[in-house]
Amino acid sequence: SQTIHQWPATLVQPVGSPLSLECTVEGTSNPNLYWYRQAAGRGLQLLFYSVGIGQISSEVPQNLSASRPQDRQFILSSKKLLLSDSGFYLCAWSALAGETQYFGPGTRLLVL
Amino acid sequence: SQQGEEDPQALSIQEGENATMNCSYKTSINNLQWYRQNSGRGLVHLILIRSNEREKHSGRLRVTLDTSKKSSSLLITASRAADTASYFCATDNSGGSNYKLTFGKGTLLTVNP
């Protein structure tokens, strides 16, 4: 069966520090991968999606970047965090475009 | 702008009652999905209904889709305290890139024991 992992679960970082959040998927090949951010009490904002290794689409201009160095690995990064980067970050995968997405447990990021 | 908008934003009911949540969207879709999120957790897929379907059931869940009104409803029958969660609808966009889903802001359901 397929599983999706995210780490860390919680992260507290100072403003201006770098960020690296990792997401890995097991049990499937060539998944579509997604990074979302969820502000408190709000819906999900799509940040990036990837349809293959090295292929990244950015949905909103921001302080973050994403990379996909391996088929089932998706990394969210920042060189210098801003206060506004605080939030709940969710990684997801799908087998087919527009179909069911399967979410990881999320990373709660607090930038102080 | 949000593709999917859930209504109401919050709903509080007693255990055993039915809960109905609605979702409206703006563009043409291939399918509409409902997800559930427990506080502080990831989303869990509940049900997918395609644009050529009008109703779908899964256990205590019933989803309807009216493409002429661009709306969907999620009914949870005989609710339980464990159903307490946020519920989101998500749509693709048949006229654009369907690699992505657009999520609404969700309905927070509280089922009181």
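In what follows, chains carry the letters A, B, and so on, assigned in the order in which the sequence lines appear, proteins first and then strands, with residues in each chain numbered from 1.
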For Ser78(A), what residues pass the side chain to side chain donor-acceptor pair (under 3.5 Å) criterion, not counting sequence neighbours?
Asn63(A)

Across all chains, not counting sequence neighbours, the side chain to side chain donor-acceptor pair (under 3.5 Å) partners of Arg36(B) are Asn38(B), Tyr87(B)

Tell me, for Glu59(A) versus chain B, whether the close heavy atoms (under 4.5 Å) come from the side chain, the backbone, both or neither.
side chain

What part of Gln38(A) lies closer than 4.5 angstrom to a heavy atom of chain B: side chain, backbone, both or neither?
side chain

Taking the six-membered ring for Trp and the single ring otherwise, decide whether the centroids of Phe103(A) and Tyr35(B) are under 6.0 Å apart.
yes

Can you confirm whether or not the ring centre of Phe74(A) sits under 6.0 Å from the ring centre of Tyr34(A)?
no

Give the member of Pro105(A), Ser94(A), Gly106(A), Ala92(A) that has the highest number of heavy-atom pairs under 4.5 Å with chain B.
Pro105(A)

Once ring pair (Phe, Tyr, Trp, His ring centres under 6.0 Å) is applied, what residue pairs with a partner in residues 75-100 of chain A remain, sequence neighbours excluded?
Trp93(A)-Tyr102(A)

Can a donor-acceptor pair be found between the side chains of [X] and [Y] at a distance below 3.5 Å?
X         : Y        : answer
Gln101(A) : Tyr36(A) : yes
Ser50(A)  : Trp35(A) : no
Asn112(B) : Ser12(B) : yes

So what's closer than 4.5 Å to chain A heavy atoms on Leu43(B): side chain, backbone, both or neither?
both

Which bit of Gln37(B) is near chain A, if near means a heavy-atom gap under 4.5 Å: side chain, backbone, both or neither?
side chain

Under 4.5 Å, heavy atom to heavy atom, which residues of residues 8-32 of chain A contact chain B?
Asn32(A)

Contact leader toward chain A among Gly40(B), Gly106(B), Ala90(B), where contacts are heavy-atom pairs under 4.5 Å
Gly40(B)

Spacing of CG belonging to Leu110(A) relative to CG belonging to Leu83(A), to within rounding of 0.5 Å
9.0 Å

